[in-house]
Number of protein chains: 2
Amino acid sequence: MTADGHDKTRKSTVSKSDAVYRALKRAILDQALAAGTKLPEDSIGERLGVSRTIVRQALARLNGEGLIELRPHKGACVAQPSLEDGRNIFAVRRSLEALVVDSLIGKLSPQQIRQLEAHVEAEDMARANDTATSIQLAGEFHVLLAKLTENDILSRYVTELVSRSSLILSLYGRPHSPDCAVSEHRELITALARGDRDKAGALMHHHIDAITTRALLKSQTEKDFPDLLAAYAREEGL
Amino acid sequence: MTADGHDKTRKSTVSKSDAVYRALKRAILDQALAAGTKLPEDSIGERLGVSRTIVRQALARLNGEGLIELRPHKGACVAQPSLEDGRNIFAVRRSLEALVVDSLIGKLSPQQIRQLEAHVEAEDMARANDTATSIQLAGEFHVLLAKLTENDILSRYVTELVSRSSLILSLYGRPHSPDCAVSEHRELITALARGDRDKAGALMHHHIDAITTRALLKSQTEKDFPDLLAAYAREEGL
DNA sequence: TCAGGAAAATATGTATACGAATATGGGAGA
DNA sequence: TCTCCCATATTCGTATACATATTTTCCTGA
(Lines give C-alpha, C1' and ligand atoms only; values in the text may rest on other atoms or scores of the structure.)
Protein backbone atom coordinates (compact mmCIF):
# COMPACT_ATOMS: atom_id res chain seq x y z
CA MET A 1 0.00 0.00 0.00
CA THR A 2 2.85 2.35 0.78
CA ALA A 3 6.29 2.68 -0.69
CA ASP A 4 8.17 1.32 2.30
CA GLY A 5 6.26 -1.88 2.73
CA HIS A 6 3.18 -3.41 4.22
CA ASP A 7 0.56 -1.17 5.65
CA LYS A 8 0.19 -2.94 8.95
CA THR A 9 3.68 -2.34 10.27
CA ARG A 10 4.00 1.12 8.83
CA LYS A 11 2.46 3.02 11.68
CA SER A 12 4.61 1.37 14.30
CA THR A 13 7.72 1.77 12.19
CA VAL A 14 7.68 5.52 11.60
CA SER A 15 8.31 6.39 15.24
CA LYS A 16 5.69 6.75 17.87
CA SER A 17 6.45 10.30 18.87
CA ASP A 18 5.59 11.39 15.36
CA ALA A 19 2.23 9.68 15.64
CA VAL A 20 1.52 11.32 18.98
CA TYR A 21 2.65 14.65 17.58
CA ARG A 22 0.24 14.37 14.67
CA ALA A 23 -2.61 13.20 16.88
CA LEU A 24 -2.21 16.10 19.27
CA LYS A 25 -1.79 18.57 16.45
CA ARG A 26 -4.97 17.42 14.75
CA ALA A 27 -6.83 17.49 18.03
CA ILE A 28 -5.72 21.07 18.62
CA LEU A 29 -6.50 22.27 15.11
CA ASP A 30 -9.89 20.53 15.17
CA GLN A 31 -10.52 22.33 18.43
CA ALA A 32 -11.13 19.02 20.13
CA LEU A 33 -8.62 20.44 22.57
CA ALA A 34 -9.66 24.02 23.19
CA ALA A 35 -7.12 26.78 23.68
CA GLY A 36 -5.78 26.73 27.21
CA THR A 37 -6.52 23.06 27.83
CA LYS A 38 -3.93 21.47 30.07
CA LEU A 39 -1.97 18.63 28.53
CA PRO A 40 -0.60 16.36 31.30
CA GLU A 41 2.04 13.98 30.03
CA ASP A 42 0.78 11.06 32.08
CA SER A 43 -2.83 11.20 30.94
CA ILE A 44 -1.94 11.63 27.29
CA GLY A 45 0.53 8.80 27.40
CA GLU A 46 -1.92 6.50 29.13
CA ARG A 47 -4.67 7.49 26.72
CA LEU A 48 -2.54 6.89 23.64
CA GLY A 49 -0.75 3.84 24.99
CA VAL A 50 2.77 5.24 25.01
CA SER A 51 5.22 6.27 27.68
CA ARG A 52 5.75 9.80 28.90
CA THR A 53 9.04 9.89 27.01
CA ILE A 54 7.18 9.84 23.71
CA VAL A 55 4.58 12.36 24.79
CA ARG A 56 7.32 14.67 25.97
CA GLN A 57 9.00 14.62 22.59
CA ALA A 58 5.74 15.40 20.85
CA LEU A 59 5.00 18.24 23.25
CA ALA A 60 8.46 19.71 22.77
CA ARG A 61 7.90 19.74 19.04
CA LEU A 62 4.47 21.33 19.32
CA ASN A 63 5.97 23.92 21.61
CA GLY A 64 8.58 24.70 18.98
CA GLU A 65 5.80 25.32 16.51
CA GLY A 66 3.92 27.56 18.87
CA LEU A 67 0.86 25.35 19.14
CA ILE A 68 1.27 24.73 22.84
CA GLU A 69 2.86 26.63 25.68
CA LEU A 70 5.33 24.81 27.86
CA ARG A 71 6.22 26.40 31.16
CA PRO A 72 8.91 24.79 33.31
CA HIS A 73 7.54 22.60 36.08
CA LYS A 74 4.03 23.68 35.14
CA GLY A 75 3.40 21.46 32.18
CA ALA A 76 1.93 22.08 28.75
CA CYS A 77 -1.32 23.60 27.61
CA VAL A 78 -2.80 24.49 24.26
CA ALA A 79 -1.49 27.90 23.27
CA GLN A 80 -3.63 30.97 23.75
CA PRO A 81 -2.07 33.42 21.35
CA SER A 82 -2.77 37.05 22.14
CA LEU A 83 -4.28 39.44 19.64
CA GLU A 84 -0.82 40.86 19.15
CA ASP A 85 0.46 37.37 18.36
CA GLY A 86 -2.35 37.18 15.85
CA ARG A 87 -1.39 40.43 14.18
CA ASN A 88 2.25 39.34 14.09
CA ILE A 89 1.45 35.96 12.61
CA PHE A 90 -0.67 37.43 9.86
CA ALA A 91 1.93 40.09 9.11
CA VAL A 92 4.55 37.39 8.55
CA ARG A 93 2.08 35.33 6.55
CA ARG A 94 1.45 38.30 4.29
CA SER A 95 5.13 38.53 3.50
CA LEU A 96 5.74 34.85 3.02
CA GLU A 97 2.66 34.13 0.99
CA ALA A 98 3.66 36.99 -1.29
CA LEU A 99 6.93 35.15 -1.77
CA VAL A 100 4.98 31.99 -2.52
CA VAL A 101 3.08 33.74 -5.28
CA ASP A 102 6.27 35.26 -6.61
CA SER A 103 8.00 31.88 -6.66
CA LEU A 104 5.11 30.21 -8.40
CA ILE A 105 4.41 32.74 -11.15
CA GLY A 106 5.11 31.22 -14.54
CA LYS A 107 6.30 27.95 -13.05
CA LEU A 108 3.11 26.00 -12.49
CA SER A 109 2.65 22.95 -14.69
CA PRO A 110 -0.81 22.21 -16.08
CA GLN A 111 -0.94 19.24 -13.75
CA GLN A 112 -0.20 21.39 -10.70
CA ILE A 113 -2.89 23.83 -11.76
CA ARG A 114 -5.34 20.95 -12.01
CA GLN A 115 -4.26 19.86 -8.54
CA LEU A 116 -4.99 23.30 -7.15
CA GLU A 117 -8.34 23.43 -8.91
CA ALA A 118 -9.23 20.02 -7.55
CA HIS A 119 -8.45 21.24 -4.05
CA VAL A 120 -10.64 24.30 -4.39
CA GLU A 121 -13.33 22.03 -5.79
CA ALA A 122 -13.13 20.02 -2.58
CA GLU A 123 -13.34 23.24 -0.59
CA ASP A 124 -16.48 24.13 -2.49
CA MET A 125 -18.01 20.73 -1.82
CA ALA A 126 -17.42 21.04 1.92
CA ARG A 127 -18.54 24.65 2.02
CA ALA A 128 -22.10 24.17 3.17
CA ASN A 129 -22.05 20.62 4.50
CA ASP A 130 -19.07 20.19 6.72
CA THR A 131 -17.88 23.28 8.51
CA ALA A 132 -14.94 21.58 10.20
CA THR A 133 -13.34 20.19 7.06
CA SER A 134 -14.16 23.41 5.26
CA ILE A 135 -11.94 25.38 7.62
CA GLN A 136 -9.27 22.74 7.38
CA LEU A 137 -9.29 22.70 3.57
CA ALA A 138 -9.12 26.49 3.36
CA GLY A 139 -5.90 26.40 5.36
CA GLU A 140 -4.50 23.49 3.42
CA PHE A 141 -4.90 25.41 0.19
CA HIS A 142 -2.21 27.78 1.37
CA VAL A 143 -0.05 24.90 2.53
CA LEU A 144 -0.44 23.24 -0.87
CA LEU A 145 0.58 26.42 -2.65
CA ALA A 146 3.64 26.73 -0.43
CA LYS A 147 4.66 23.12 -1.06
CA LEU A 148 4.45 23.68 -4.81
CA THR A 149 7.27 26.20 -4.53
CA GLU A 150 9.58 23.32 -3.56
CA ASN A 151 11.17 25.72 -1.12
CA ASP A 152 11.29 23.57 2.01
CA ILE A 153 11.93 26.39 4.45
CA LEU A 154 9.21 28.53 2.96
CA SER A 155 6.72 25.71 2.99
CA ARG A 156 7.61 24.79 6.57
CA TYR A 157 7.07 28.33 7.77
CA VAL A 158 3.81 28.75 5.88
CA THR A 159 2.55 25.44 7.24
CA GLU A 160 3.39 26.53 10.76
CA LEU A 161 1.78 29.92 10.31
CA VAL A 162 -1.38 28.41 8.85
CA SER A 163 -1.66 26.11 11.84
CA ARG A 164 -1.27 28.98 14.24
CA SER A 165 -3.75 31.00 12.24
CA SER A 166 -6.33 28.31 12.92
CA LEU A 167 -5.77 28.79 16.62
CA ILE A 168 -6.15 32.55 16.26
CA LEU A 169 -9.34 32.08 14.30
CA SER A 170 -10.78 29.79 16.92
CA LEU A 171 -10.03 32.35 19.61
CA TYR A 172 -10.87 35.63 17.99
CA GLY A 173 -12.52 34.96 14.64
CA ARG A 174 -16.14 35.11 13.67
CA PRO A 175 -17.91 31.74 13.61
CA HIS A 176 -17.12 30.90 9.98
CA SER A 177 -17.46 32.34 6.54
CA PRO A 178 -15.62 30.30 3.97
CA ASP A 179 -17.70 31.44 1.00
CA CYS A 180 -15.46 34.28 -0.02
CA ALA A 181 -12.32 32.24 0.57
CA VAL A 182 -13.28 29.77 -2.12
CA SER A 183 -13.84 32.41 -4.79
CA GLU A 184 -10.66 34.21 -3.76
CA HIS A 185 -8.71 30.98 -4.07
CA ARG A 186 -10.17 30.48 -7.54
CA GLU A 187 -9.21 33.95 -8.69
CA LEU A 188 -5.71 33.44 -7.36
CA ILE A 189 -5.28 30.20 -9.28
CA THR A 190 -6.45 31.91 -12.45
CA ALA A 191 -3.95 34.74 -12.04
CA LEU A 192 -1.16 32.27 -11.26
CA ALA A 193 -2.04 30.14 -14.29
CA ARG A 194 -2.04 33.21 -16.55
CA GLY A 195 1.32 34.27 -15.15
CA ASP A 196 -0.05 37.65 -14.12
CA ARG A 197 2.42 38.49 -11.36
CA ASP A 198 0.96 41.83 -10.30
CA LYS A 199 -2.60 40.54 -10.25
CA ALA A 200 -1.66 37.40 -8.30
CA GLY A 201 0.37 39.39 -5.80
CA ALA A 202 -2.44 41.87 -5.28
CA LEU A 203 -4.99 39.08 -4.90
CA MET A 204 -2.87 37.28 -2.32
CA HIS A 205 -2.33 40.44 -0.31
CA HIS A 206 -6.01 41.21 -0.43
CA HIS A 207 -6.86 37.64 0.50
CA ILE A 208 -4.57 37.57 3.52
CA ASP A 209 -5.84 40.95 4.62
CA ALA A 210 -9.37 39.61 4.40
CA ILE A 211 -8.46 36.60 6.50
CA THR A 212 -6.71 38.85 8.99
CA THR A 213 -9.78 41.01 9.34
CA ARG A 214 -12.04 38.00 9.86
CA ALA A 215 -9.59 36.37 12.24
CA LEU A 216 -9.08 39.39 14.46
CA LEU A 217 -12.65 40.59 14.34
CA LYS A 218 -13.24 40.49 18.04
CA SER A 219 -10.34 42.85 18.58
CA GLN A 220 -12.78 45.74 18.35
CA THR A 221 -15.76 44.39 20.26
CA GLU A 222 -14.20 42.01 22.72
CA LYS A 223 -11.27 43.00 24.86
CA ASP A 224 -8.46 40.99 26.31
CA PHE A 225 -9.15 39.47 29.67
CA PRO A 226 -7.19 42.03 31.70
CA ASP A 227 -8.89 44.91 29.91
CA LEU A 228 -12.26 43.29 30.38
CA LEU A 229 -11.61 43.07 34.09
CA ALA A 230 -10.40 46.65 34.19
CA ALA A 231 -13.68 47.79 32.66
CA TYR A 232 -15.68 46.01 35.36
CA ALA A 233 -13.36 47.39 38.00
CA ARG A 234 -14.00 50.93 36.80
CA GLU A 235 -17.75 50.38 36.93
CA GLU A 236 -17.49 49.27 40.51
CA GLY A 237 -15.36 52.24 41.37
CA LEU A 238 -12.25 50.16 42.05
CA MET B 1 22.85 39.46 39.21
CA THR B 2 19.87 38.36 37.20
CA ALA B 3 16.23 39.12 37.58
CA ASP B 4 15.21 35.73 38.83
CA GLY B 5 17.68 35.39 41.66
CA HIS B 6 21.21 34.50 42.56
CA ASP B 7 23.68 33.87 39.84
CA LYS B 8 25.07 30.66 41.25
CA THR B 9 21.92 28.59 41.00
CA ARG B 10 20.74 30.17 37.81
CA LYS B 11 22.52 27.90 35.41
CA SER B 12 21.31 24.74 37.06
CA THR B 13 17.82 26.11 37.38
CA VAL B 14 17.08 27.04 33.79
CA SER B 15 17.06 23.46 32.58
CA LYS B 16 20.02 21.49 31.39
CA SER B 17 18.72 20.71 27.95
CA ASP B 18 18.66 24.41 27.20
CA ALA B 19 22.30 24.68 28.19
CA VAL B 20 23.27 21.73 26.02
CA TYR B 21 21.22 23.18 23.18
CA ARG B 22 23.04 26.48 23.41
CA ALA B 23 26.43 24.81 23.72
CA LEU B 24 25.89 22.69 20.64
CA LYS B 25 24.43 25.58 18.69
CA ARG B 26 27.41 27.79 19.45
CA ALA B 27 29.80 24.99 18.60
CA ILE B 28 28.10 24.53 15.24
CA LEU B 29 27.93 28.23 14.40
CA ASP B 30 31.56 28.72 15.46
CA GLN B 31 32.40 25.84 13.15
CA ALA B 32 34.00 24.01 16.04
CA LEU B 33 31.76 21.24 14.79
CA ALA B 34 32.13 21.19 11.03
CA ALA B 35 29.21 20.45 8.75
CA GLY B 36 28.60 16.72 8.55
CA THR B 37 30.18 15.93 11.90
CA LYS B 38 28.46 13.03 13.62
CA LEU B 39 26.87 13.84 16.96
CA PRO B 40 26.52 10.63 19.01
CA GLU B 41 24.24 11.08 21.99
CA ASP B 42 26.45 9.06 24.32
CA SER B 43 29.67 10.94 23.67
CA ILE B 44 28.06 14.36 23.92
CA GLY B 45 26.28 13.45 27.13
CA GLU B 46 29.43 12.06 28.67
CA ARG B 47 31.44 15.06 27.55
CA LEU B 48 28.95 17.57 28.95
CA GLY B 49 28.09 15.58 32.05
CA VAL B 50 24.43 14.98 31.33
CA SER B 51 22.37 11.98 30.39
CA ARG B 52 21.34 11.02 26.89
CA THR B 53 17.82 12.20 27.68
CA ILE B 54 19.01 15.78 27.84
CA VAL B 55 21.20 15.52 24.77
CA ARG B 56 18.30 14.04 22.86
CA GLN B 57 16.07 16.96 23.70
CA ALA B 58 18.71 19.42 22.58
CA LEU B 59 19.28 17.51 19.34
CA ALA B 60 15.56 17.40 18.62
CA ARG B 61 15.39 21.15 18.99
CA LEU B 62 18.41 21.75 16.78
CA ASN B 63 16.85 19.45 14.22
CA GLY B 64 13.69 21.53 14.30
CA GLU B 65 15.77 24.58 13.54
CA GLY B 66 17.55 22.89 10.68
CA LEU B 67 21.01 23.05 12.22
CA ILE B 68 21.41 19.30 12.40
CA GLU B 69 20.04 16.39 10.46
CA LEU B 70 18.46 13.56 12.37
CA ARG B 71 17.93 10.31 10.55
CA PRO B 72 16.11 7.47 12.30
CA HIS B 73 18.42 4.85 13.77
CA LYS B 74 21.36 6.64 12.21
CA GLY B 75 21.88 9.44 14.67
CA ALA B 76 22.46 13.14 14.29
CA CYS B 77 25.05 15.09 12.37
CA VAL B 78 25.65 18.76 11.69
CA ALA B 79 23.49 19.76 8.76
CA GLN B 80 24.98 20.03 5.31
CA PRO B 81 22.51 22.26 3.53
CA SER B 82 22.57 21.98 -0.23
CA LEU B 83 23.04 24.95 -2.51
CA GLU B 84 19.32 24.83 -3.18
CA ASP B 85 18.70 25.01 0.56
CA GLY B 86 20.96 28.02 0.56
CA ARG B 87 19.04 29.74 -2.19
CA ASN B 88 15.76 28.97 -0.45
CA ILE B 89 16.97 30.26 2.89
CA PHE B 90 18.17 33.53 1.44
CA ALA B 91 14.99 33.95 -0.58
CA VAL B 92 12.93 33.70 2.61
CA ARG B 93 15.36 35.97 4.44
CA ARG B 94 14.91 38.56 1.72
CA SER B 95 11.18 38.59 2.27
CA LEU B 96 11.28 38.59 6.03
CA GLU B 97 14.01 41.16 6.44
CA ALA B 98 12.04 43.43 4.13
CA LEU B 99 9.17 43.05 6.59
CA VAL B 100 11.57 43.89 9.42
CA VAL B 101 12.51 47.14 7.72
CA ASP B 102 8.88 47.90 7.00
CA SER B 103 7.92 47.29 10.62
CA LEU B 104 10.72 49.44 11.94
CA ILE B 105 10.34 52.48 9.71
CA GLY B 106 9.33 55.48 11.75
CA LYS B 107 9.17 53.49 14.96
CA LEU B 108 12.75 53.45 16.20
CA SER B 109 13.43 55.40 19.35
CA PRO B 110 16.64 57.42 19.62
CA GLN B 111 17.82 54.90 22.18
CA GLN B 112 17.24 51.98 19.82
CA ILE B 113 19.11 53.79 17.08
CA ARG B 114 22.01 54.29 19.46
CA GLN B 115 21.86 50.59 20.28
CA LEU B 116 22.11 49.70 16.61
CA GLU B 117 24.96 52.13 16.08
CA ALA B 118 26.79 50.67 19.07
CA HIS B 119 26.42 47.23 17.57
CA VAL B 120 27.83 48.29 14.22
CA GLU B 121 30.62 50.01 16.11
CA ALA B 122 31.45 46.67 17.68
CA GLU B 123 31.35 45.07 14.25
CA ASP B 124 33.81 47.64 13.05
CA MET B 125 36.12 47.00 15.98
CA ALA B 126 36.20 43.27 15.31
CA ARG B 127 36.54 43.74 11.57
CA ALA B 128 40.27 43.30 11.22
CA ASN B 129 41.24 41.70 14.51
CA ASP B 130 38.86 38.89 15.20
CA THR B 131 37.42 37.16 12.17
CA ALA B 132 35.27 34.73 14.14
CA THR B 133 33.41 37.32 16.21
CA SER B 134 33.20 39.54 13.16
CA ILE B 135 31.11 36.96 11.33
CA GLN B 136 29.04 36.40 14.44
CA LEU B 137 28.35 40.10 14.97
CA ALA B 138 27.36 40.61 11.36
CA GLY B 139 24.68 37.99 11.77
CA GLU B 140 23.57 39.32 15.12
CA PHE B 141 22.95 42.72 13.61
CA HIS B 142 20.10 41.22 11.65
CA VAL B 143 18.84 39.37 14.70
CA LEU B 144 18.92 42.61 16.69
CA LEU B 145 16.93 44.43 14.02
CA ALA B 146 14.36 41.65 14.01
CA LYS B 147 14.02 41.73 17.78
CA LEU B 148 13.41 45.46 17.71
CA THR B 149 10.22 44.83 15.73
CA GLU B 150 8.79 43.15 18.84
CA ASN B 151 7.22 40.66 16.48
CA ASP B 152 8.13 37.38 18.18
CA ILE B 153 7.38 35.14 15.23
CA LEU B 154 9.27 37.35 12.84
CA SER B 155 12.26 37.58 15.12
CA ARG B 156 12.27 33.82 15.71
CA TYR B 157 12.27 33.09 12.00
CA VAL B 158 14.95 35.65 11.24
CA THR B 159 17.12 34.30 14.04
CA GLU B 160 16.73 30.79 12.68
CA LEU B 161 17.50 31.88 9.14
CA VAL B 162 20.56 33.83 10.20
CA SER B 163 21.88 30.75 11.99
CA ARG B 164 21.36 28.59 8.96
CA SER B 165 22.93 31.27 6.79
CA SER B 166 26.09 30.89 8.84
CA LEU B 167 26.15 27.22 7.97
CA ILE B 168 25.65 28.00 4.30
CA LEU B 169 28.44 30.53 4.43
CA SER B 170 30.81 28.07 6.05
CA LEU B 171 30.06 25.54 3.34
CA TYR B 172 29.86 27.58 0.18
CA GLY B 173 30.95 31.13 0.98
CA ARG B 174 34.22 32.83 0.31
CA PRO B 175 36.62 32.98 3.27
CA HIS B 176 35.35 36.25 4.70
CA SER B 177 34.71 39.81 3.67
CA PRO B 178 32.89 41.74 6.36
CA ASP B 179 34.10 45.16 5.26
CA CYS B 180 31.18 45.94 3.04
CA ALA B 181 28.70 44.53 5.55
CA VAL B 182 29.65 47.14 8.10
CA SER B 183 29.13 50.08 5.78
CA GLU B 184 25.91 48.59 4.48
CA HIS B 185 24.65 48.18 8.03
CA ARG B 186 25.51 51.82 8.70
CA GLU B 187 23.63 53.05 5.66
CA LEU B 188 20.64 50.96 6.64
CA ILE B 189 20.54 52.46 10.12
CA THR B 190 20.71 55.94 8.65
CA ALA B 191 17.81 55.28 6.31
CA LEU B 192 15.79 53.72 9.14
CA ALA B 193 16.50 56.64 11.44
CA ARG B 194 15.44 59.12 8.75
CA GLY B 195 12.25 57.16 8.16
CA ASP B 196 13.05 56.74 4.49
CA ARG B 197 11.02 53.62 3.77
CA ASP B 198 11.93 53.19 0.10
CA LYS B 199 15.62 53.77 0.70
CA ALA B 200 15.75 51.40 3.67
CA GLY B 201 13.85 48.72 1.78
CA ALA B 202 16.12 49.02 -1.23
CA LEU B 203 19.21 48.94 0.97
CA MET B 204 18.05 45.83 2.77
CA HIS B 205 17.24 44.04 -0.47
CA HIS B 206 20.60 44.99 -1.89
CA HIS B 207 22.33 43.94 1.30
CA ILE B 208 20.71 40.51 1.40
CA ASP B 209 21.42 40.02 -2.29
CA ALA B 210 25.05 40.85 -1.62
CA ILE B 211 25.19 38.34 1.22
CA THR B 212 23.52 35.76 -0.97
CA THR B 213 26.06 36.26 -3.70
CA ARG B 214 28.95 35.96 -1.26
CA ALA B 215 27.40 32.97 0.46
CA LEU B 216 26.68 30.99 -2.67
CA LEU B 217 29.83 31.97 -4.51
CA LYS B 218 31.08 28.46 -5.03
CA SER B 219 27.87 27.56 -6.84
CA GLN B 220 29.54 28.49 -10.09
CA THR B 221 32.99 27.03 -9.58
CA GLU B 222 32.35 24.13 -7.26
CA LYS B 223 29.66 21.57 -7.93
CA ASP B 224 27.64 19.38 -5.66
CA PHE B 225 29.23 16.10 -4.77
CA PRO B 226 27.16 13.94 -7.17
CA ASP B 227 27.83 16.35 -10.05
CA LEU B 228 31.49 16.41 -9.17
CA LEU B 229 31.61 12.66 -9.33
CA ALA B 230 29.70 12.62 -12.58
CA ALA B 231 32.33 14.89 -14.11
CA TYR B 232 35.12 12.51 -13.12
CA ALA B 233 33.08 9.60 -14.39
CA ARG B 234 32.73 11.24 -17.77
CA GLU B 235 36.47 11.82 -17.97
CA GLU B 236 37.12 8.16 -17.31
CA GLY B 237 34.59 7.15 -19.91
CA LEU B 238 32.16 5.64 -17.35
C1' DT C 1 -16.24 30.82 59.34
C1' DC C 2 -12.10 31.82 57.35
C1' DA C 3 -7.06 32.33 56.81
C1' DG C 4 -2.63 30.02 57.04
C1' DG C 5 0.26 26.26 56.61
C1' DA C 6 1.90 21.51 56.60
C1' DA C 7 1.51 17.11 54.50
C1' DA C 8 -0.12 14.24 50.83
C1' DA C 9 -0.91 13.78 46.08
C1' DT C 10 0.20 14.88 41.56
C1' DA C 11 3.16 16.27 37.71
C1' DT C 12 7.35 17.41 35.77
C1' DG C 13 12.77 16.90 35.21
C1' DT C 14 16.34 13.66 34.76
C1' DA C 15 18.82 9.32 34.83
C1' DT C 16 19.18 4.61 33.90
C1' DA C 17 18.00 0.12 31.79
C1' DC C 18 16.61 -2.81 28.23
C1' DG C 19 15.33 -4.02 23.45
C1' DA C 20 16.10 -3.12 18.51
C1' DA C 21 18.45 -1.50 14.54
C1' DT C 22 22.66 -0.48 12.39
C1' DA C 23 27.64 -0.36 11.77
C1' DT C 24 31.95 -2.96 12.24
C1' DG C 25 35.25 -6.63 12.02
C1' DG C 26 36.83 -11.17 11.24
C1' DG C 27 36.62 -15.67 9.33
C1' DA C 28 35.23 -19.11 5.86
C1' DG C 29 34.83 -20.23 1.21
C1' DA C 30 35.85 -19.52 -3.58
C1' DT D 1 43.45 -12.30 -2.33
C1' DC D 2 38.88 -11.03 -2.62
C1' DT D 3 34.03 -11.49 -1.42
C1' DC D 4 30.31 -12.66 1.29
C1' DC D 5 28.27 -13.51 5.57
C1' DC D 6 27.81 -13.94 10.40
C1' DA D 7 29.10 -12.47 15.07
C1' DT D 8 30.18 -8.60 17.82
C1' DA D 9 29.94 -3.98 19.23
C1' DT D 10 28.11 0.40 19.13
C1' DT D 11 24.20 3.52 18.88
C1' DC D 12 19.52 4.69 18.79
C1' DG D 13 14.32 4.12 20.46
C1' DT D 14 11.50 3.50 24.31
C1' DA D 15 10.05 2.37 28.94
C1' DT D 16 10.61 2.71 33.64
C1' DA D 17 12.36 4.50 38.05
C1' DC D 18 13.81 8.02 40.97
C1' DA D 19 14.31 13.06 42.27
C1' DT D 20 12.34 17.50 42.48
C1' DA D 21 8.82 21.01 42.01
C1' DT D 22 4.09 22.21 42.31
C1' DT D 23 -0.74 21.76 43.40
C1' DT D 24 -4.22 20.15 46.33
C1' DT D 25 -6.16 18.89 50.56
C1' DC D 26 -7.12 19.12 55.03
C1' DC D 27 -6.18 20.36 59.60
C1' DT D 28 -5.19 23.83 63.09
C1' DG D 29 -5.89 28.13 65.27
C1' DA D 30 -7.73 32.57 65.50
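Just so it is clear, the values below take in all heavy atoms, side chains as well, and ignore hydrogens, waters and symmetry mates.
- A side chain to side chain donor-acceptor pair (under 3.5 Å) check over residues 27-39 of chain B, counting only residues at least two apart or in different chains, returns nothing.
- The closest side-chain donor-acceptor pair between A:S15 and A:D18, if any, does not fall under 3.5 angstrom.
- A:E41 has its CD atom 16 Å from the P atom of D:dT14, to the nearest Å.
- Here the side chains of B:L59 and B:E41 are in contact, with some heavy-atom distance below 4.5 Å.
- A donor and an acceptor atom, one from each side chain of B:S155 and B:D152, are nowhere located under 3.5 Å apart.
- In this structure, CZ of B:R71 is placed 17 Å from C1' of D:dG13, rounded to the nearest angstrom.
- The distance between atom CZ of A:R56 and atom P of D:dT14, rounded to the nearest whole Å, is 16 Å.
- Atom-to-atom, CG of A:D18 to P of D:dC12 comes out at 19 Å; the value is rounded to the nearest Å.
- Atom-to-atom, NZ of A:K16 to C1' of C:dA20 comes out at 12 Å; the value is rounded to the nearest Å.
- Separating the CD atom of B:Q57 from the C1' atom of C:dT12 is a distance of 11 Å, rounded to the nearest angstrom.
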Using nucleotides 16-24 of chain D, report all nitrogen or oxygen pairs with the protein that are shorter than 3.5 Å.
from   : atom 1 : to    : atom 2 : distance (Å)
D:dT16 : O4     : A:T53 : OG1    : 3.4

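- The closest donor-acceptor contact from the side chain of A:S163 to the backbone of A:T159 lies under 3.5 Å.
- A distance-only check finds no donor-acceptor pair linking the side chain of A:H185 to the backbone of A:H142 [under 3.5 Å].
- When rounded to the nearest whole Å, the span between CD1 of A:I54 and C1' of D:dG13 equals 7 Å.
- In this structure, B:L48 atom CG and C:dT14 atom P are separated by 14 Å, rounded to whole Å.
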